[in-house]
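Written out below as structure tokens is the structure these notes cover.
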Amino acid sequence: MNVRRRSSAAALAAIAVIGAAAAPAVAADPSPSSSPSKTAPSGLYGTTDPQYDGVWRQSLALLAQDTAGVIPSSTAVKWLTDQQCANGAFAPFRADPAAACDAKTPVDTNNTAAAVQALWAVGGHGDVVESALGWLKSVQNEDGGWGYVPGTPSDANSTSVVIGALTATETDPEKVVKDGKSPYDALLTFALPCAKDKGAGAFAFQPDKDGKLLPNADATAAGVLGALGEGLVADAADKADAASCTDADKPTREGAAANAAAYLTATLAKDGHLVSALGGSADQPDYGNTADAVVALAAQGGADKAAEPLAWLEKNAAKWAAESGPAAYAQLIFAAHATGTDPRDFGGTDLVAKLNATGPAPQGVAAKDTASANADEKSDEKDDDSPFGVWWFVGVCLVFGIGIGFLLSNRNKKQQP
């Protein structure tokens with residue numbers, strides 16, 4: 001999802017909106033930075049300047065690898081943990097992690113929430129996660145939500161990405177309250193009515209300068225996942241209900257998510273993808289937000305509800321991802337996961353291999369993927385009448401056992417903060 005960054009630093013906000021690459025169906029945008037980094041920091045995924053998206057793209061890359069059954073490089077994980085400030089927060093990038101953070105360090109909720117989701121997924125970093133969650137709770141606004149930067153008004157995207165961090169770590173957002181308000185209370189204030197002239201069920205990012213809520217596809221995709229209590233990685237809903245918008249005096253979280261899904265479905269119906277425009281230029285396909293919409297639609301109504309935009313991405317997104325880098329590949333992997341699509345054959349592209357190639361080589365493949373590969377090989381050999389067939393099968397079992405031992409020795413038990 002592409003998070004509209006409302007930092008007090010105007011330059012940072014502008015660059016984040018225009019130059020970010022994919023992000024939250026809930027958070028920041030993963031496009032590459034404007035200029036390549038001559039010497040990318042060791043352990044970082046991608047080669048472009050990490051000043052505005054280093055932590056974001058690293059978090060998405062690690063989370064996508066874990067989702068695809070890949071054990072990330074320990075060097076890559078350490079790069080991310082080293083970026084944390086002593087108070088638990090993360091900034092987009094700290095060139096010198098050894099230097100203490102101060103009042104000028106641009107820490108924010110989105111990068112912190114993304115790092116929480118990634119580090120919880122890979123396991124073994126409960127202290128880092130607990131510290132980050134503590135900081136997020138400490139900067140919660142009185143309405144129950146979060147802005148991009150502490151002290152700024154809440155917005156749908158930031159509130160949603162933090163909800164994702166809470167639920168990913170098995171923390172109930174209903175119990176994370178400020179002045180009696182939960183994150184869900186704040187998020188629902190951005191939900192619009194069903195009437196077409198009033199927003200058609202979408203979510204707004206936040207009120208405009210006149211206090212009016214305007215429909216925003218980016219915020220809507222984020223809002224669906226936030227209302228459902230989902231993070232950047234979401235599974236398809238078991239039941240595929242028809243997306244329809246229904247007004248209610250006091251909409252439930254599920255009702256708001258259904259209304260927002262109906263808005264996305266109607267918006268996608270024209271071209272099969274979302275669009276964006278900058279500075280009066282012609283509308284352009286918005287690959288990142290389309291991927292976020294796929295995750296949102298699948299999470300709300302089942303994989304079938306996301307079939308059209310998914311097919312468009314499979315046909316058209318490979319070039320965009322190659323140009324945009326690791327966070328873009330991660331977004332597509334999230335879309336594939338949410339719809340039960342093979343990320344290693346996404347429109348003919350192996351998204352996992354492409355992502356892995358942008359940074360440190362992974363430690364290996366998780367046991368569940370090893371088991372799947374071995375099962376395929378066993379199927380190919382089942383008709384083999386040679387005496388070696390039995391010993392081949394025994395060998396597979398031994399390899400599988402070794403794989404489990406390797407996994408257990410390299411992935412510490414996840415600790416709940």
Side-chain angles (χ1 to χ4, degrees), residues 1-5 16-17 20-31 53 56-57 59-60 63-64 67 110 113-114 117 155-165 187 190 202-205 215-237 243 257 260-268 271-276 284-301 303 305-314 316-317 320-321 324 326-339 341 343 346 351:
M1 305 182 170
N2 304 320
V3 167
R4 304 296 198 269
R5 305 183 179 186
V17 172
V26 117
D29 193 331
S31 18
D53 75 336
W56 179 261
R57 77 190 192 213
S59 298
L60 265 64
L63 187 57
T67 301
N110 288 234
Q117 294 183 56
D155 65 74
N157 296 68
S158 298
T159 300
S160 293
V161 74
V162 175
I163 288 175
L187 183 60
F190 303 112
F203 277 89
F205 172 69
N216 182 297
D218 174 17
T220 301
V224 169
L225 292 177
L228 294 174
E230 298 284 357
L232 294 168
V233 178
D235 296 322
Y263 172 85
L264 288 175
T265 298
T267 304
L268 288 160
D271 301 307
H273 62 82
L274 298 177
V275 298
S276 64
Q284 300 292 327
D286 191 328
Y287 299 88
N289 279 336
T290 299
D292 294 337
V294 166
V295 178
L297 289 174
Q300 190 280 324
K305 301 304 178 185
E308 185 176 358
L310 176 70
W312 184 85
L313 286 172
E314 288 184 296
N316 299 285
W320 164 75
S324 299
Y329 283 122
Q331 274 192 291
L332 294 179
I333 289 173
F334 298 153
H337 173 82
T339 55
T341 305
F346 191 83
L351 299 174

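By convention here, the first residue in the shown sequence is residue 1.
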Problem set entry | Intermediate values then yes/no, side chain to side chain contact (heavy atoms under 4.5 Å, CB included), Phe334 and Leu60 | CA-CA 9 Å; Phe334 298 153; Leu60 265 64; 3.9 Å; yes

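- Thr339 approaches Ala306 most closely through the heavy-atom pair CG2-CB, 4.1 Å.
- Although no hydrogens or angles enter the test, the distance criterion places no donor-acceptor pair under 3.5 Å between the side chain of Asp53 and the main chain of Trp56.
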- Before giving the answer on side chain to side chain contact (heavy atoms under 4.5 Å, CB included), spell out for Asn316 and Tyr287 the whole-Å C-alpha distance, their side-chain angles and the decisive distance to 0.1 Å. CA-CA 9 Å; Asn316 299 285; Tyr287 299 88; 4.2 Å; yes

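- Contact detail for Ala234 and Ala299: the closest heavy-atom pair is CB-CB, 4.0 Å.
- One finds the OG1 atom of Thr220 at 11.5 Å from the CG atom of Leu225 (value rounded to the nearest 0.5 Å).
- Counting only N and O atoms by type, the side chains of His273 and Asn289 include no donor and acceptor under 3.5 Å apart.
- At least one side-chain heavy atom of His337 sits under 4.5 Å from a side-chain heavy atom of Asp235.
- Taking the side-chain hydrogen bond (donor to acceptor under 3.5 Å, both in side chains) definition, one finds that Asp271 meets it with nothing, sequence neighbours left out.
- Between the CG atom in Leu187 and the CG atom in Asn157 there is a gap of 9.5 Å [rounded to 0.5 Å].
- In summary, of the residues considered (Val224, Leu310, Asp292, Leu268), a side chain to side chain contact (heavy atoms under 4.5 Å, CB included) with Leu297 occurs for Leu268 alone.
- Closest non-hydrogen pair, Ser160 versus Gly226, comes out as OG-CA, 3.8 Å.
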Handout entry: Glu230 vs Ile163, side chain to side chain contact (heavy atoms under 4.5 Å, CB included): CA-CA, chis, key distance, verdict
Key = CA-CA 7 Å; Glu230 298 284 357; Ile163 288 175; over 6 Å; no

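- Across all their heavy atoms, Gln300 and Ala257 have their closest contact at CG-O, 3.8 Å.
- Here the closest non-hydrogen pair linking Ala219 and Phe203 is O-CB, 3.7 Å.
- Side-chain N or O atoms of Gln117 include one that pairs as donor or acceptor with a backbone N or O of Leu232 at under 3.5 Å.
- In terms of heavy atoms, Ala204 sits closest to Ala156 at O-CB, 3.3 Å.
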